[in-house]
Amino acid sequence: MKIYVKYFASVRDIMGKDSEDLKIETSLSANELWKSLTVGKKTPIRVLVAVNHEYVDKNFKLKNGDEIAFFPPVTGG
Amino acid sequence: MKIYVKYFASVRDIMGKDSEDLKIETSLSANELWKSLTVGKKTPIRVLVAVNHEYVDKNFKLKNGDEIAFFPPVTGG
Amino acid sequence: MKIEIMNEKFDPWQSLVDYKKNVLQNNPKIGATSVFVGTVRDFNDDEEVQNMELEHYPGMTEKYLEDIVNAAIKKYKIIDGLVIHRVGALEPTDPIVIVASWSEHRDNAFNATRDIMEALKAEAPFWKKESTNNGFRWVEPTIGEENNIDEI
Amino acid sequence: MKIEIMNEKFDPWQSLVDYKKNVLQNNPKIGATSVFVGTVRDFNDDEEVQNMELEHYPGMTEKYLEDIVNAAIKKYKIIDGLVIHRVGALEPTDPIVIVASWSEHRDNAFNATRDIMEALKAEAPFWKKESTNNGFRWVEPTIGEENNIDEI
């Protein structure tokens with residue numbers, strides 16, 4: 001299945017890119033995907049995750065075609 | 001002593017005038033003055049009183065030269 | 001601080017922009033601006049309002065508005081405050097009042113503008129008279145919005 | 001309702017006046033307008049701020065702002081709401097955000113504008129990066145203002 005991954009703000013700085021398209025064999029949770037993407041990286045303590053423009057919890061199971069985004073707590077306004 | 005009296009809004013309508021200058025012999029409280037001014041008149045239940053642009057309570061003792069105003073509860077904004 | 005009683009129809013947003021531009025200017029300490037504008041509605045207490053007369057007590061009204069804004073400056077450390085209030089003949093959709101507070105952080109601006117409006121409604125000597133299909137009537141204070149001022 | 005993300009410097013008061021004039025118009029049901037404007041300060045956490053970059057998540061940001069305003073319309077029966085938020089490069093005194101709510105009575109307008117601002121700060125995907133004397137830094141959420149969104 002195909003997954004579209006986006007990174008914003010300090011998470012993008014750490015990942016060194018703003019997005020990537022992935023092909024994965026088995027369905028992963030948001031947390032499992034994050035762990036596999038950040039192996040060997042020093043990651044921030046606080047990361048939020050959204051799938052298809054909605055916040056989800058870390059156990060959310062990804063489906064084919066999902067857009068998943070990882071980013072730090074928001075600071076607008 | 002001289003007292004300057006002002007009436008506003010529905011109190012002015014009842015009194016039939018917006019102000020009057022009074023000469024009084026002895027010092028009166030705000031309430032005593034109000035009673036004497038409204039003898040025989042049907043007066044509203046709720047009347048506020050200000051002396052020299054400050055709210056006062058009904059027992060406030062008037063002095064020579066005071067400006068006293070009687071008016072209904074305020075409804076601005 | 002700006003306190004003004006207006007006899008003529010005014011544009012509250014233009015007044016705000018003018019005061020900011022000419023008096024407060026581009027103060028980089030300001031992080032938050034909270035503004036309230038009250039306008040005449042065409043209905044009140046289930047009656048159609050055709051127009052309205054707003055009366056005030058010249059001298060006392062300005063004094064109370066100044067005291068109210070000074071209290072908000074002191075309590076919420078706001079950088080500045082503005083109140084402009086109409087008197088005279090008003091029609092539905094006419095602006096009645098604008099209150100603005102400027103501060104470093106949003107909490108203080110929100111609280112100051114709200115406190116100024118509540119104090120204005122409770123204490124500032126203004127009186128509304130509405131013209132409805134049943135003739136003129138003096139507006140009564142809304143229940144729950146009465147002031148704590150001593151009555152005769 | 002108006003939700004807009006602006007890449008260029010904007011005049012929040014002009015945007016407000018334009019929306020009121022062209023969309024809401026002279027609606028005589030409106031008795032109260034509550035507006036909040038946030039601007040860039042030149043100090044944050046005891047450091048001088050020279051300028052700021054504001055980033056967002058196109059698509060998700062607009063969706064959340066719309067949901068937040070719809071929630072306020074439902075909860076407070078406001079007549080309408082507006083949010084305009086800057087992104088891109090900003091300098092001290094530049095407007096960041098305007099939130100406006102229109103309602104019959106002032107309580108609902110005040111509460112709606114405040115709720116929209118609080119929800120925007122907690123949920124809408126925007127990120128601030130400040131340039132100070134010590135270089136760039138991503139802004140951390142203020143303690144006590146954290147959202148309740150699940151974290152990885």
Heavy atoms of other groups near D:Glu8 CD, more than 12 under 6.0 Å: no
Candidate list A:Asn31, A:Thr38, A:Thr43, A:Ile45, test side chain to side chain contact (heavy atoms under 4.5 Å, CB included), partner D:Ile152, passing option: A:Asn31
Under 4.5 Å from a heavy atom of chain A, the part of D:Phe36 involved: neither
Between CH2 on residue D:Trp127 and CZ on residue A:Phe8, distance to nearest 0.5 Å: 5.0 Å
Atom pair CG/CG of D:Asp150 and A:Leu48 - distance to nearest 0.5 Å: 9.0 Å
Salt-bridge present (A:Lys58, D:Glu151; N to O < 4.0 Å): no
Contact leader toward chain A among D:Met60, D:Glu140, D:Glu55, where contacts are heavy-atom pairs under 4.5 Å: D:Met60
Part of D:Glu53 lying under 4.5 Å from any heavy atom of chain A: neither
Side-chain donor or acceptor of D:His85 paired with backbone N/O of A:Gly76 under 3.5 Å: no
Engaged part of A:Asp13 at the chain D interface, taking heavy atoms whose separation is under 4.5 Å: side chain
A:Thr75 (side chain) donor-acceptor with D:Lys128 (main chain) under 3.5 angstrom: yes
Expected output: side-chain D:Lys63 to main-chain A:Glu54 donor-acceptor under 3.5 Å: no
Heavy-atom pair count under 4.5 Å with chain D, highest-scoring of A:Ala50, A:Ala69, A:Ala30, A:Gly77: A:Gly77
Aromatic ring pairing D:Tyr57/A:His53, orientation class (parallel under 30°, perpendicular over 60°, tilted between): perpendicular
